[in-house]
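We number each residue from 1, following the sequence as shown.
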Amino acid sequence: MTARPPAADGPARVLVVTAVGAERDAVCAAAGPYEVRALPGGQVLHRTGAFDVLAAGVGPAAAAAGAATALTAAALADAPYGLVVSAGIGGGFAPGPGSARPGGTPAHAPLGSVVVADAIVAADLGAETPDGFLPVTDLGFGTVAHRPDPALVHAVTEATGGASGTIVTVSTVTGSAARAAALADRHPGVLAEAMEGFGVAEAAAAHGVPVLEIRTVSNAVGPRDRAAWRIGEALAALTDAFRALPAALPPALRRTP
């Protein structure tokens with residue numbers, strides 16, 4: 001799915017959906033002053049010169065609901081968005097058995113790095129069976145993956161100095177080496193884990209709007225070692241990534257702060 005054509009009054013706006021206020025503020029810091037606009041249901045949109053930014057809440061359900069609210073409000077105002085970006089900090093996978101990409105290149109997302117999703121995958125949407133996990137698609141329902149436009153993924157990856165690969169969406173953050181290894185084995189080439197991307201992608205798909213997911217790595221996926229987390233550094237990297245983003249967007253989406 002490619003970017004929508006520009007609106008009559010200029011480039012189409014980009015909606016950025018984060019989980020929490022700290023992530024929203026990191027994105028806004030890249031784009032200058034903002035104004036606050038109320039959305040139905042008590043949601044609050046921060047409109048900058050370059051992006052509209054919404055802190056929708058933690059997890060795929062809150063992310064989907066918030067993104068859908070903003071998308072619907074924009075469509076009813078005859079000013080639909082041209083792109084939706086799920087953004088924030090997340091966990092990075094370390095290299096190890098099962099972590100190679102399909103082509104054999106090791107997958108690794110170190111602390112402070114930028115990851116741009118070439119696939120947004122619901123990692124735990126399905127069923128446990130005696131033989132292991134089955135994705136919901138194997139049960140004959142729905143979808144478990146959204147694949148952003150490859151050309152846009154490449155451009156954004158280059159502009160941000162990041163890496164592209166699978167980002168998995170989970171409802172329960174990984175807290176053990178065993179689960180980290182299982183996810184890496186199930187999703188070869190996975191780079192990062194977060195909790196909102198798939199929800200945002202589902203809302204975007206329902207509205208026919210392209211989607212991206214951009215994460216900066218604050219911690220390693222696996223045992224929870226809070227002393228090793230680098231949240232401040234990851235938020236600073238998120239600001240830097242969104243400073244670089246406008247130049248990577250097609251002209252139909254290119255607003256500058």
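Annotation: the span from Leu152 atom CG to Leu249 atom CG amounts to 6.5 Å, rounded to 0.5 Å. Distance check, rounded to the nearest 0.5 Å: CZ of Arg47 to CG of Leu15 gives 10.0 Å. Expressed to the nearest 0.5 Å, how far CD1 of Ile120 lies from CZ of Phe198 amounts to 9.5 Å. Taken to the nearest 0.5 Å, the OG1 atom of Thr157 stands 8.5 Å off from the CD1 atom of Ile214. In this structure, OG on Ser164 lies 11.5 Å from CG on Leu212, to the nearest 0.5 angstrom.
Between the Arg147 side chain and the Ala119 main chain, no donor and acceptor come within less than 3.5 Å of each other. In this structure, Thr216 contributes its side chain and Ala234 its backbone to a donor-acceptor pair below 3.5 Å. Remark: the backbone N or O of Ala155 is not paired with any side-chain donor or acceptor of Glu158 at under 3.5 angstrom. Side chain of Ser113 to backbone of Pro110: a donor-acceptor contact under 3.5 angstrom is found.
In this model, no donor atom of one side chain and acceptor atom of the other lie less than 3.5 Å apart for Ser176 and Arg224. In this structure, a donor-acceptor pair under 3.5 Å is absent between the side chains of Glu196 and Ser86. Between the side chains of Tyr34 and Asp52, no donor-acceptor pair of N or O atoms lies under 3.5 Å. Between the side chains of Arg179 and Thr174, at least one donor N or O lies within less than 3.5 Å of an accepting N or O. His146 and Glu202 form a side-chain donor-acceptor contact under 3.5 Å, judged by distance and modelled atom types alone.
Among Val16, Val44, Leu39, the one residue that satisfies the side-chain contact (heavy atoms from CB on, under 4.5 Å) test with Leu54 is Leu39.
Under the 4.5 Å side-chain criterion, counting only non-hydrogen atoms from C-beta, Leu245 is in contact with Val156. Between Thr169 and Val121, the closest side-chain pair of non-hydrogen atoms is not below 4.5 Å. The side-chain heavy atoms of Phe93 and Val168, taken from C-beta on, include a pair separated by under 4.5 Å. The shortest distance between side-chain heavy atoms of Arg13 and Pro80 does not fall below 4.5 Å. Considering only heavy atoms from C-beta on, Leu71 comes within 4.5 Å of Tyr81 through its side chain.
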* To do: List the steps, then state whether side-chain contact (heavy atoms from CB on, under 4.5 Å) holds for Ile89 with Leu235.
  => CA-CA 7 Å; Ile89 63 176; Leu235 291 171; 3.8 Å; yes
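We find that Arg186 and Asp124 are not joined by a salt bridge, their nearest charged nitrogen and carboxylate oxygen being 4.0 Å or further apart.
The number of heavy atoms from other shown groups lying within 6.0 Å of CG (Asp225) is above 12.
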